[in-house]
Engineer: 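Mind looking over this structure? Questions follow.
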Amino acid sequence: MKHNLTVYNTLTRKKELFKPLKEPFAGMYVCGPTVYGDPHLGHARPAIVFDLVFRYLKHLGYKVRYVRNITDVGHLEQDLDEGEDKIAKKARLEKIEPMEVVQYYSDRYYHFMELLNVERPSIEPRASGHIIEQISMIERILKAGYGYVVNGSVYFDVEKYNKSYHYGKLSGRKLEDLIANTRELEGQAEKRNPVDFALWKKAPPDHIMRWSSPWSEGFPGWHLECSAMGTKYLGEEFDIHGGGMDLLFPHHEGEIAQSRVANGKDAVRYWLHNNMITINGKKMGKSLGNAVTLEELFSGKHPLLEQAYSPMTIRFFILQAHYRSTLDFSNEALRGAEKGLKRLMTGIELLNKLSPSENNQDPGSRIKDLVASCYAAMNDDFNSPVLIANLFDGLKMIYALKEGKMKLTTKELMQLKELYDTYVFDILGLKDETSADQSETVDELMNMIIKMRKNARDKKEWDQSDQIRDELAKLGINIKDTNEGATWEKE
RNA sequence: GGUCUCGUGGCCGAGCGGCUAGGCGGCGGUCUGCAAAACCGUAUACAGCGGUUCGAAUCCGCUCGAGACCUCCA
């Protein structure tokens, strides 16, 4: 495959040329949501970022298998013996079955991801459906000598692991520092060392989510599912593992250790991490109580929101920042994204209406250059903000064509159209929202009204024409007079 | 406390040693019966102080400030 895509590998802290294990195949695993709450803006970022990666890899010609899990068990609320997992807690609070909670929030997640035009991954495995694989992995870890059983729970022996491997190599930590900084938490008596983590937890009597295992009735530890499912669907070694930066430690560190000893090799070749979304400079997080859900965002019903923002505005907003930078949320920034996206879409609409000029009059290599810089941006660790800047630059060319200040041959115009089509819709995954829900009847009615207004205008009956415009404005319909006649738009 | 990241014009956000990022907003203009929209043009920046260099937003040091991880989190 010919390309020079470089990706920033958290493991090496460098950009590296992307070379998959088995061309033309590429395998990617991304940590998905824990389905115990409504999806919020924070969920949108990794979903959109890795959707971009997925789309671009496919565009380059790879046959991509993209696996994104749904976490529906485990994830202890606290690392305490009596800790219960989030889903069980939510279920108890709402007096429903845990799987009901899981079903409900999974559906919500899928619904909102679809609105954001996030493509469904190739496989979306659930932790609860892979208990057998997880148990088998624990057995392999025990067999390798890196786990120990206490009272029906199984723990990973981090200190022993660190003697042969480097625990903390992904997050840049040293075990001594970790041990020195471990907080004193209660109920850790079972562990040999506070840095050890659970592979299997024996369920307390009142814990509702439980499965039988060789050690106890219980549930798997919280790093295990990703190791087990990644191995199952992508093999013992695969190309990309993605997730939020907040998962770097300890989640991904745990994954590395588990896979290493269970499979005898490092599983992941490129670790990619998206940065966080901040709100007033602080990380947005469910546990911090400052998360804005996607539903609130799309409806505008949240104290922080001055208006509703469409799914594509959110998508564009996220893509306008590089995935490894924090992205600060504000109404002003969001409004800016909304306007910018509209400008881009209007330009594309115009482009599609343009016809080529007969004579080829020095188009230069501007289109070739534009195409090249778009590829260069994406090949540079998926630099979507630079890509978008290039697309805005190209807009000037489109308007110059319209004004007749520039001429393009049929072939060149086709190339330009193809560029926008490919990059805006296929790769960035944006879509035009404006004309989405107009029925034919409405269209024809509006054409009729515009015609009537034009008649009035032709007769210079300004009172009449302004009245039509004002009345429509009250209905949220804006008339825009252009040189080619009037168009309308619903707010 | 430990580890790490970052501080760019009113706002968001690229930039990885020399060449205009881009978007939103502002200002000026074109178009227009008026208005809006649209388009064109344009100003404002690199937290501070030192250092390296012919040359620094970009490298180094210090100061100040913000944030992340170390506990579930995207």
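What's counted below: heavy atoms across the whole structure, side chains too, no hydrogens, waters or symmetry copies. These numbers were taken from a predicted model, which means no experiment stands behind them.
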Engineer: Can you find a donor-acceptor N/O pair under 3.5 angstrom joining the side chain of A/Lys396 to the base of B/rC40?
Structural biologist: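 Checked by distance alone, the answer is no.
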
Engineer: May I ask you to evaluate whether A/Asn383 reaches the phosphate of B/rG15, defined as a side-chain N or O under 4.0 Å from OP1 or OP2?
Structural biologist: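 Yes, within the criterion.
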
Engineer: Without decimals, in angstroms, what is the distance between A/Lys405 NZ and B/rG41 P?
Structural biologist: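 Atom-to-atom, A/Lys405 to B/rG41, this comes out as 8 Å.
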
Engineer: Nearest heavy atom decides the nucleotide; on that basis, is A/Val386 or A/His43 closer to the 5' end of RNA chain B?
Structural biologist: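 Checking each residue's closest nucleotide, the 5'-ward one belongs to A/Val386.
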
Engineer: Quickly work out the A/Leu178 CG to B/rC69 P distance and round it to whole Å.
Structural biologist: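 The distance from CG of A/Leu178 to P of B/rC69 comes to 15 Å, rounded to the nearest Å.
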
Engineer: Calculate the interatomic distance between A/Gln467 atom CD and B/rC34 atom P; express it in whole Å.
Structural biologist: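 Atom CD in A/Gln467 sits about 20 Å away from atom P in B/rC34.
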
Engineer: OP1, OP2 of B/rA38 versus side-chain N and O of A/Lys480: anything below 4.0 Å?
Structural biologist: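 Checking A/Lys480 against B/rA38: no side-chain N or O falls below 4.0 Å of OP1 or OP2.
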
Engineer: For B/rU20 versus B/rG15, give the span between their C1' atoms, rounded off to a whole number of Å.
Structural biologist: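 Comparing C1' positions in B/rU20 and B/rG15 gives a spacing of 13 Å.
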
Engineer: Would you say that more than 12 heavy atoms from the other residues, nucleotides or ligands in this model lie under 6.0 Å from the CG of A/Asp463, or not?
Structural biologist: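 At most 12 heavy atoms, drawn from other residues, nucleotides or ligands, come within 6.0 Å of this atom.
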
Engineer: With hydrogens left out and only the distance checked, is there a donor-acceptor pair under 3.5 Å joining A/Arg343's side chain and the base of B/rA38?
Structural biologist: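 Side chain to base: no pair below 3.5 Å.
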
Engineer: Grab the two heavy atoms, one from A/Trp222 and one from A/Pro250, that are nearest each other, plus how far apart they are.
Structural biologist: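 Distance-wise, the nearest heavy atoms are CH2-CG, 3.2 Å.
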
Engineer: Can the ring centres of A/Tyr29 and A/Phe50 be said to be less than 6.0 Å apart?
Structural biologist: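 No, they do not, as the ring centres are separated by 6.0 Å or more.
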
Engineer: With a 4.0 Å cut-off on heavy atoms, is A/Thr487 in touch with a base, just the backbone sugar-phosphate, or nothing at all?
Structural biologist: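 Since no nucleic acid heavy atom lies under 4.0 Å of A/Thr487, the category is nothing.
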
Engineer: Please name the pair of heavy atoms, one in A/Lys202 and one in A/Ser153, separated by the smallest distance, quoted to 0.1 Å.
Structural biologist: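 Shortest heavy-atom contact: N-OG, 2.9 Å.
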
Engineer: Rounded to the Å, how far apart are A/Glu253 CD and B/rU71 C1'?
Structural biologist: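 Rounded to whole Å, this separation is 16 Å.
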
Engineer: Write down the partner of B/rU20 under the Watson-Crick or G-U wobble criteria, each distance required to be under 3.5 Å.
Structural biologist: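 Pairing partner, where one exists within any strand: none, as none qualifies.
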
Engineer: How many Å lie between CZ on A/Phe316 and C1' on B/rG13, as a whole number?
Structural biologist: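 Checked: the CZ to C1' distance equals 11 Å.
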
Engineer: What is the distance, rounded to the nearest whole Å, between atom CD of A/Gln320 and atom P of B/rC11?
Structural biologist: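 Rounding to the nearest Å, CD of A/Gln320 and P of B/rC11 are 17 Å apart.
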
Engineer: Could you check whether A/Asp481 gets within reach of a base, just the sugar-phosphate, or nothing at all, counting any heavy atom under 4.0 Å?
Structural biologist: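 Base, at least one base atom sits under 4.0 Å.
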
Engineer: Starting at atom CZ of A/Phe329, determine the distance to atom P of B/rC11, rounded to an integer number of angstrom.
Structural biologist: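 Roughly 17 Å, once rounded to whole Å.
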
Engineer: Of the nucleotides B/rG13, B/rC11, B/rC70, which one has an atom closest to the side chain of A/Glu332?
Structural biologist: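 Taking heavy atoms from C-beta onward, the closest nucleotide is B/rC11.
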
Engineer: For A/Ala389, answer base if it contacts any base atom (sugar-phosphate contacts may also be present), sugar-phosphate if it contacts only those atoms, and nothing otherwise; contact means non-hydrogen atoms under 4.0 Å.
Structural biologist: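 Since a base atom lies under 4.0 Å of A/Ala389, the category is base.
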
Engineer: Can A/Trp462 be called stacked on B/rG33 when the rule is centres closer than 5.5 Å and an angle between planes below 30°?
Structural biologist: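 Per 5.5 Å and 30° rule: yes, stacked.
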
Engineer: What's the closest nucleotide to the side chain of A/Trp222 if the choices are B/rG2, B/rA14, B/rC72?
Structural biologist: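 Nucleotide nearest to A/Trp222's side chain: B/rC72.
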
Engineer: Which part of the nucleic acid, if any, lies within contact of A/His40, taking any heavy atom under 4.0 Å across all strands shown: a base, the sugar-phosphate backbone alone, or nothing?
Structural biologist: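 Result for A/His40 = base.
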
Engineer: Which heavy atom of A/Ala257 sits nearest a heavy atom of A/Tyr167, and at what distance?
Structural biologist: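 It is CB-CD1, 4.3 Å.
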
Engineer: Select base, sugar-phosphate, or nothing to describe what A/Lys282 touches, counting heavy atoms under 4.0 Å on all strands.
Structural biologist: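 Contact class for A/Lys282: sugar-phosphate only.
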
Engineer: Quick check on the 6.0 Å ring-centre criterion: do A/His130 and A/Tyr233 meet it?
Structural biologist: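 Judged by ring-centre distance (under 6.0 Å), A/His130 and A/Tyr233 do meet the cut-off.
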
Engineer: Suppose we define a pair by two distances each less than 3.5 Å, Watson-Crick or G-U wobble; what does B/rG50 pair with here?
Structural biologist: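 Its partner is B/rC60.
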
Engineer: How far, in whole Å, is B/rG10 from B/rU71 if one measures between their C1' atoms?
Structural biologist: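 Per the computed distance, 39 Å lies between those C1' atoms.
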
Engineer: Tell me which nucleotide, if any, is Watson-Crick or G-U wobble paired with B/rG28 when both distances must be under 3.5 Å.
Structural biologist: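 Per the H-bond distance test, B/rC40.
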
Engineer: When you compare B/rU5 with B/rC46, how far apart are their P atoms, in angstrom units rounded to a whole number?
Structural biologist: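 After rounding to an integer number of Å, I get 24 Å for this pair.
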
Engineer: Does B/rG65 have a Watson-Crick or wobble mate here (both distances under 3.5 Å), and if so which one?
Structural biologist: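 Paired with B/rC6.
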
Engineer: Looking at every non-hydrogen atom in both residues, tell me the closest pair between A/Arg126 and A/Ser106 and how far apart they are.
Structural biologist: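 Nearest heavy atoms, A/Arg126 then A/Ser106: NH2-OG, 3.3 Å.
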
Engineer: With P as the reference atom in both, quote the distance from B/rC31 to B/rG25 in angstrom, rounded to an integer.
Structural biologist: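 So the two P atoms sit 22 Å from each other.
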
Engineer: CG of A/Asp380 versus P of B/rC16: gap in Å, rounded?
Structural biologist: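 After rounding, the reported distance stands at 9 Å.
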
Engineer: At less than 4.0 Å, is any side-chain N or O atom of A/Ser325 found next to OP1 or OP2 of B/rA14? Yes or no.
Structural biologist: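 For A/Ser325, the contact criterion (side-chain N or O under 4.0 Å from OP1 or OP2 of B/rA14) is met.
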
Engineer: Considering only the P atoms, how many Å lie between B/rG7 and B/rG61, rounded to the nearest integer?
Structural biologist: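 Those two atoms are separated by 16 Å.
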
Engineer: For residues A/Ser122 and A/Phe54, report the shortest heavy-atom separation together with the two atoms involved.
Structural biologist: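 Closest approach of A/Ser122 to A/Phe54: OG-CZ, 4.3 Å.
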
Engineer: Would the base of B/rG13 count as contacting A/Asp328 through its side chain, where contact means a donor and an acceptor less than 3.5 Å apart?
Structural biologist: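 No.
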
Engineer: For a quick test of reading the model, state the closest non-hydrogen atom pair linking A/Arg68 to A/Pro125 and the distance between them.
Structural biologist: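 Minimum heavy-atom contact is O-CD, 3.5 Å.
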
Engineer: Quick one: look up who B/rG1 pairs with, Watson-Crick or G-U, both distances under 3.5 Å, and put none if it's unpaired.
Structural biologist: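 Result: B/rC70.
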
Engineer: Just to be sure I understand the rule, does A/Met276 reach a base, reach only the sugar-phosphate, or reach nothing, if contact means heavy atoms closer than 4.0 Å?
Structural biologist: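 Result for A/Met276 = base.
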
Engineer: From the set B/rG2, B/rC11, B/rC16, return the single nucleotide nearest to any side-chain atom of A/Ser330.
Structural biologist: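 Of the options given, the side chain of A/Ser330 lies nearest B/rC11.
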
Engineer: Quick one: is B/rG25 close enough that its OP1 or OP2 comes under 4.0 Å of any side-chain N or O from A/Lys339?
Structural biologist: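 Answer yes for this pair, as a side-chain N or O of A/Lys339 is under 4.0 Å from OP1 or OP2.
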
Engineer: Could you give the distance separating B/rA66 and B/rG28 at their P atoms, to the nearest angstrom?
Structural biologist: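 Looking at atom P only, B/rG28 and B/rA66 are 38 Å apart.
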
Engineer: What nucleotide, of B/rG2, B/rG33, B/rA35, holds the atom closest to the side chain of A/Arg457?
Structural biologist: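 Selected nucleotide: B/rG33.
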
Engineer: With RNA chain B as reference, determine whether A/Leu327 or A/Asp393 sits nearer its 5' end, using the nearest nucleotide of each.
Structural biologist: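 This one resolves to A/Leu327.
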
Engineer: Using the P atoms only, state how far B/rG55 lies from B/rC19, rounded to an integer number of Å.
Structural biologist: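 Those two atoms are separated by 15 Å.
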
Engineer: Touch check for A/Gly340, heavy atoms < 4.0 angstrom, all strands: base, sugar-phosphate only, or nothing?
Structural biologist: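 Touches sugar-phosphate only.
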
Engineer: If the C1' atom of B/rC60 is compared with that of B/rU52, how far apart are they to the nearest Å?
Structural biologist: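 Taking atom C1' in both B/rC60 and B/rU52, they lie 7 Å apart.
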
